[in-house]
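Notes for the one structure printed next.
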Amino acid sequence: MVPIEHILIFSATMFCIGLYGVMSRRNAVLVLISLELMLNAVAINLVGFSGLVDPLGASGMVFAIFVIAIAAAELGLGLAIVLRVYRMRASVNVDEVDLMRW
Amino acid sequence: MELAAVVFYALAVVTIVSALGVVVTRSIVYSALLLIVTLGLTGLVYLVLLADFLALVQILVYGGTVSILLLFALMLTPPQRNLVLNHQGWPLAAGSAVVLFVMMVAAVVATDWRQVSQVVAGTTGRPPLTVVEPVRVGAEQIGTTLLTIWAVPFEIAAVVLLVALIGSLLIAQAGTETGRV
């Protein structure tokens, strides 16, 4: 039995770590990795609230499954874009990808 | 303190240390490997919260697919020499992340969760609770919920996954017109 506050603080810690990574990293793959941390923190939150709000139902778990599915799609698409950018510019640093059109 | 709570706190500390490692390490490969460790530990946290099916999904999706995808992308984009991994303004990023964290913790501490639970209990007609008392939710129940209450989002997620699959194939395939996107 864990108080809901502790689950939420755990999740907030992980979310902020991920946010720091997204804002500070230059390498696009590392930005995507940090984004996964943030999405993961949200899924933990949903599982925690599932126990508080709807302990006999499974809606929170279903939401967490949606988050995992969308995270997988986002990572696949993001890495495809990273590969394409690398082939184009021989670099995956997000501050060097500054073209709006070719 | 009972065993489940002890295990939860221990796992939480290890997970956060590992997540910190993801964002501070100087090596991209270590960062990816630590991410896999973090996500696997999160699967164990789900297990402690009695979300068995979710723990299984987490380890299957992240441990299996995402880790291979990440390492594959890292192999295909070899880093340059003398690479600088962080932006110059990283202290600003750290500062704003800490500020957001403090605000979130303040919001969590200031909220009266007993009252929230009572409001929820009022609408659903069950006794309020302030401590998460995990009830084992089986895969059968998750499947029923997914295909009854959340059937439309489920179908939309299927379309989203299909579009993402085709889109990433199109984007990543070797372009005929080199140098153009």
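Order of the sequence lines sets the chain letters (A, B, ...), proteins ahead of strands, with each chain counted from 1.
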Output the option from Leu19(A), Ile70(A), Val29(A) having the highest count of non-hydrogen pairs under 4.5 Å with chain B. Val29(A)

Residue Val22(A) versus chain B: region with a heavy atom under 4.5 Å: neither

For chain A, which candidate among Leu76(B), Val160(B), Val13(B), Val105(B) shows the most heavy-atom pairs at distances under 4.5 Å? Leu76(B)

For Ile17(A) against Ala19(B), the heavy-atom pair lying closest together: CG2-O, 3.5 Å

Interface check, chain A: of Val109(B), Leu54(B), Val61(B), most non-hydrogen pairs under 4.5 Å belong to Leu54(B)

Side chain / backbone / both / neither for Leu69(B) at chain A, heavy atoms under 4.5 Å: both

Which pair of non-hydrogen atoms, one from Ile33(A) and one from Ala32(B), has the smallest distance, and what is that distance? CD1-CA, 3.8 Å

Toward chain A, the part of Thr144(B) with a non-hydrogen atom under 4.5 Å: neither

Nearest heavy-atom contact between Arg87(A) and Ala172(B) is NH2-O, 2.7 Å

Check whether any side-chain heavy atom of Val2(A) lies under 4.5 Å from a side-chain heavy atom of Tyr9(B), and answer yes or no. yes

Heavy-atom distance under 4.5 Å to chain B: side chain of Ser34(A), backbone, both or neither? side chain

Considering only heavy atoms, which portion of Val22(B) lies under 4.5 Å from any heavy atom of chain A: side chain, backbone, both, or neither? both

Honestly, the part of Ala157(B) sitting under 4.5 Å from a heavy atom of chain A is side chain

Treating Ile, Leu, Val, Met, Phe, Trp and Tyr as nodes and any side-chain heavy-atom pair under 4.5 angstrom as an edge, say whether Leu71(B) and Leu39(B) lie in one connected cluster. yes

Would Phe10(A) and Thr15(B) satisfy side chain to side chain contact (heavy atoms under 4.5 Å, CB included), going step by step from the backbone distance to the final call? CA-CA 9 Å; Phe10(A) 169 49; Thr15(B) 311; 4.0 Å; yes

Non-hydrogen side-chain atoms of Thr42(B) and Met14(A) separated by less than 4.5 Å: yes

Nearest 0.5 Å, please: how far is CG in Leu169(B) from CG in Leu77(A)? 10.5 Å

Residue pair Arg26(A) / Asn86(B), side-chain donor-acceptor N/O under 3.5 Å: no

Using heavy-atom distances under 4.5 Å, tell me whether Pro91(B) contacts chain A through its side chain, its backbone, both, or neither. neither

Transitively linked via ILVMFWY side-chain contacts under 4.5 Å: Val17(B) with Val23(B)? no

Of Leu146(B), Val57(B), Ile142(B), Leu49(B), the residue whose pairing with Met61(A) passes side-chain contact (heavy atoms from CB on, under 4.5 Å): Ile142(B)

Gln58(B) side chain near Ile68(A) side chain, heavy-atom distance below 4.5 Å: yes

Side-chain heavy-atom pair Tyr20(A), Trp90(B) within 4.5 angstrom cut-off: yes

Check each atom of Phe8(B) against the heavy atoms of chain A and say whether the ones under 4.5 Å are side chain, backbone, both or neither. side chain

Glu36(A) versus Thr38(B): any side-chain heavy-atom pair under 4.5 Å? no

Residue Thr148(B) versus chain A: region with a heavy atom under 4.5 Å: neither

So do the side chains of Phe72(B) and Leu79(A) get within less than 4.5 Å of each other, counting heavy atoms only? no

Taking all heavy atoms of Ala69(A) and all of Leu161(B), pick out the closest pair and write down the distance. O-CD2, 3.7 Å

Side chain, backbone, both or neither of Phe154(B) within contact of chain A (heavy atoms, under 4.5 Å): both

Of the listed residues (Asp95(A), Leu37(A), Leu83(A)), which shares the most heavy-atom pairs with chain B below a 4.5 Å separation? Leu37(A)

Any link between Leu41(B) and Ile59(B) through a network of hydrophobic side chains (Ile, Leu, Val, Met, Phe, Trp, Tyr) touching at under 4.5 Å? no

Answer yes if Ile149(B) and Leu147(B) sit in the same cluster of Ile, Leu, Val, Met, Phe, Trp and Tyr residues linked by side chain heavy atoms under 4.5 Å apart, and no otherwise. yes

Heavy atoms of Met23(A) and Ala97(B) approach each other most closely as CE-N, 4.3 Å

When clusters are formed by joining ILVMFWY residues with side-chain heavy atoms under 4.5 Å apart, either directly or through shared neighbours, do Val48(B) and Ile16(B) land in the same one? yes

Segment of Val108(B) engaging chain A (4.5 angstrom heavy-atom cut-off): both

Part of Leu170(B) within contact of chain A (heavy atom distance under 4.5 Å): backbone

Side chain to side chain contact (heavy atoms under 4.5 Å, CB included) between Val45(B) and Ile7(A), intermediate numbers included: CA-CA 10 Å; Val45(B) 171; Ile7(A) 298 178; over 6 Å; no

Most chain B-contacting option - heavy-atom pairs closer than 4.5 Å, from Ala72(A), Gly21(A), Cys16(A), Gly18(A): Cys16(A)

Which region of Ile65(A), side chain (C-beta onward) or backbone (N, CA, C, O), has a non-hydrogen atom less than 4.5 Å from a non-hydrogen atom of chain B, or is it both or neither? both

Do you know which two heavy atoms are closest between Asn40(A) and Tyr46(B), and how far apart they sit? O-OH, 4.1 Å

Portion of Ala41(A) that has a non-hydrogen atom of chain B nearer than 4.5 angstrom: neither

